[in-house]
Amino acid sequence: MKSEPLKFSIDDLASSPNQTTAWDGVRNYQARNFMWKQMCVGDQTFFYHSCCAQPGIMGIAEVTSPAYPDATQFDPKNRHFDPKASQDNPRWFNVEITLKQKTRLLTIKELRQYPELKRMRVLQTGNRLSITPVDPDEWKFILKILQV
DNA sequence: GCCAACGTTGGC
DNA sequence: GCCAACGTTGGC
């Protein structure tokens, strides 16, 4: 799961109540569907910093709530307000995630050096999805690199 | 349903 | 700041 550290960094997550946050504001259907239809409570995710000097994996978080309607879509004052969404027919959903641990910074540059990760979704050219699935093999391999 | 135009993302 | 890539919008 990607986040721009200037907007919401891993330290922001660490200092959130219960080290937990709603992953709201996602306005891409594919990314929404990953949260809505594929994520389960207990799933783990890498927390990734994007759009910064040193993009890369910063830590591990866990999904701690099922998907529910994203509250920001109903709030006209919120920048993620969606006039086409209604309480009866919400369009956007989010899960909540909880920080499990910070890791060292594992940069995109380093990630790209491992042939084992060549097919990793987040590394593909032109990938702009803020949420992408990680293969179990890729997951295990990265844990090994991080020695966690 | 097609497709051009436009906006956004994100690495560099 | 540049630029490639891609999603969305909207006219037809």
Side-chain angles (χ1 to χ4, degrees), chain A residues 1-16 19-39 43-63 65 67-146 148:
Chain A
M1 299 173 89
K2 290 190 213 168
S3 187
E4 300 181 24
L6 284 175
K7 294 182 184 159
F8 191 84
S9 71
I10 192 151
D11 287 325
D12 292 327
L13 179 60
S15 57
S16 297
Q19 304 200 333
T20 298
T21 194
W23 207 253
D24 56 15
V26 170
R27 293 295 180 268
N28 172 285
Y29 288 105
Q30 260 185 290
R32 176 203 65 178
N33 289 345
F34 288 139
M35 285 196 285
W36 192 16
K37 313 207 172 199
Q38 290 192 220
M39 283 186 178
D43 283 352
Q44 297 193 22
T45 81
F46 291 122
F47 193 102
Y48 180 99
H49 278 182
S50 66
C51 277
C52 55
Q54 296 280 350
I57 291 171
M58 291 293 293
I60 297 170
E62 183 171 325
V63 176
S65 88
Y68 57 86
D70 176 340
T72 64
Q73 69 192 306
F74 306 125
D75 176 5
K77 280 171 287 189
N78 192 284
R79 66 182 285 262
H80 296 296
F81 175 63
D82 184 346
K84 292 179 184 158
S86 66
Q87 299 277 354
D88 288 343
N89 194 13
R91 178 178 289 205
W92 305 108
F93 292 80
N94 66 262
V95 296
E96 291 178 8
I97 63 166
T98 303
L99 181 64
K100 285 210 71 179
Q101 66 179 116
K102 287 171 68 171
T103 61
R104 73 172 170 91
L105 167 64
L106 177 50
T107 63
I108 185 170
K109 197 176 159 193
E110 182 178 346
L111 288 169
R112 288 195 198 287
Q113 287 170 2
Y114 299 105
E116 291 89 339
L117 300 178
K118 228 172 208 134
R119 296 177 53 80
M120 207 179 165
R121 190 88 171 257
V122 76
L123 301 180
Q124 302 311 305
T125 314
N127 167 67
R128 296 182 316 161
L129 273 183
S130 61
I131 300 175
T132 50
V134 180
D135 273 7
D137 286 346
E138 294 162 351
W139 179 270
K140 284 182 221 147
F141 184 77
I142 293 172
L143 290 189
K144 212 163 65 185
I145 297 171
L146 291 169
V148 294

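Convention: sequence-line order gives letters A, B, ...; per-chain numbering from 1. These numbers come from the heavy atoms of this one structure, side chains and all, not from hydrogens, waters or symmetry mates.
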If a pair satisfies salt bridge (charged side-chain N to carboxylate O under 4.0 Å, His left out) and one of its residues is in residues 50-61 of chain A, list it, with sequence neighbours excluded.
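Qualifying pairs: none.
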
Any salt bridge (charged side-chain N to carboxylate O under 4.0 Å, His left out) pairs touching residues 70-98 of chain A, not counting sequence neighbours?
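Sorted pair list: A:R27-A:D70, A:D82-A:R91.
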
Starting from [atom2] on [N], measure out to [atom1] on [X] and report it in whole angstrom.
| X | N | atom1 | atom2 | answer |
| --- | --- | --- | --- | --- |
| A:M1 | B:dG10 | CE | P | 13 Å |
| A:L111 | B:dG10 | CG | P | 15 Å |
| A:L105 | B:dG11 | CG | C1' | 14 Å |

Tell me, which of residues 50-57 of chain A have any heavy atom that sits under 4.0 Å from an atom in DNA chain B?
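Heavy-atom contacts with DNA chain B come from A:S50, A:C51, A:P55.
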
Close residues, residues 72-90 of chain A, relative to DNA chain B [heavy-atom separation under 4.0 Å]
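Nothing qualifies; none.
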
For B:dG10 and A:K2 - does any side-chain N or O of the residue sit under 4.0 Å from the phosphate oxygens OP1/OP2?
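For B:dG10, OP1/OP2 do have a side-chain N/O of A:K2 under 4.0 Å.
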
Just to confirm, is there a sub-4.0 Å distance from OP1 or OP2 of B:dG11 to any side-chain nitrogen or oxygen of A:Y48?
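Affirmative; the distance criterion is met.
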
By salt bridge (charged side-chain N to carboxylate O under 4.0 Å, His left out) - contacts of A:K7 (at least two apart)
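With neighbours one apart ignored, the set is A:E4.
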
Restricting to salt bridge (charged side-chain N to carboxylate O under 4.0 Å, His left out), what partner residues turn up for A:R112, sequence neighbours left out?
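Scan of A:R112 (salt bridge (charged side-chain N to carboxylate O under 4.0 Å, His left out), adjacent residues dropped) gives none.
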
According to side chain to side chain donor-acceptor pair (under 3.5 Å), who are the partners of A:D12, at least two apart in sequence or on a separate chain?
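Here the qualifying residues are A:S9.
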
Only counting residues at least two apart or in another chain, list the ones meeting side chain to side chain donor-acceptor pair (under 3.5 Å) with A:D24.
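Expected list: none.
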
Which pairs pass ring pair (Phe, Tyr, Trp, His ring centres under 6.0 Å) with one or both residues in residues 99-125 of chain A, sequence neighbours excluded?
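The answer is A:Y114-A:F141.
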
Output a table of donor-acceptor pairs, distance under 3.5 Å, between side-chain atoms of residues 115-128 of chain A and any protein atom two or more places apart or on a different chain; print 'none' if there are none.
from   : atom 1 : to     : atom 2 : distance (Å)
A:Q124 : NE2    : A:K118 : O      : 2.9
A:Q124 : NE2    : A:R119 : O      : 3.3
A:Q124 : NE2    : A:M120 : O      : 2.8
A:N127 : OD1    : A:L129 : N      : 3.3

Tell me whether A:Q73 contacts the main-chain N or O of A:A85 through its side chain, where contact means a donor paired with an acceptor under 3.5 Å.
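No, the answer is negative, given that no donor and acceptor are paired below the 3.5 Å cut-off.
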
Apply side-chain contact (heavy atoms from CB on, under 4.5 Å) to A:D135 and list each qualifying residue two or more places apart in sequence or on a separate chain.
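Result, side-chain contact (heavy atoms from CB on, under 4.5 Å) vs A:D135: A:E138.
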
Taking the six-membered ring for Trp, is the centroid-to-centroid distance between A:Y29 and A:W92 below 6.0 Å?
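That pair passes the under 6.0 Å test.
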
Distances for protein N or O near nucleotides 6-8 of chain C N or O, under 3.5 Å:
from  : atom 1 : to     : atom 2 : distance (Å)
C:dC6 : O2     : A:R128 : NH1    : 2.9
C:dC6 : O2     : A:R128 : NH2    : 2.7
C:dG7 : O4'    : A:R128 : NH2    : 3.0

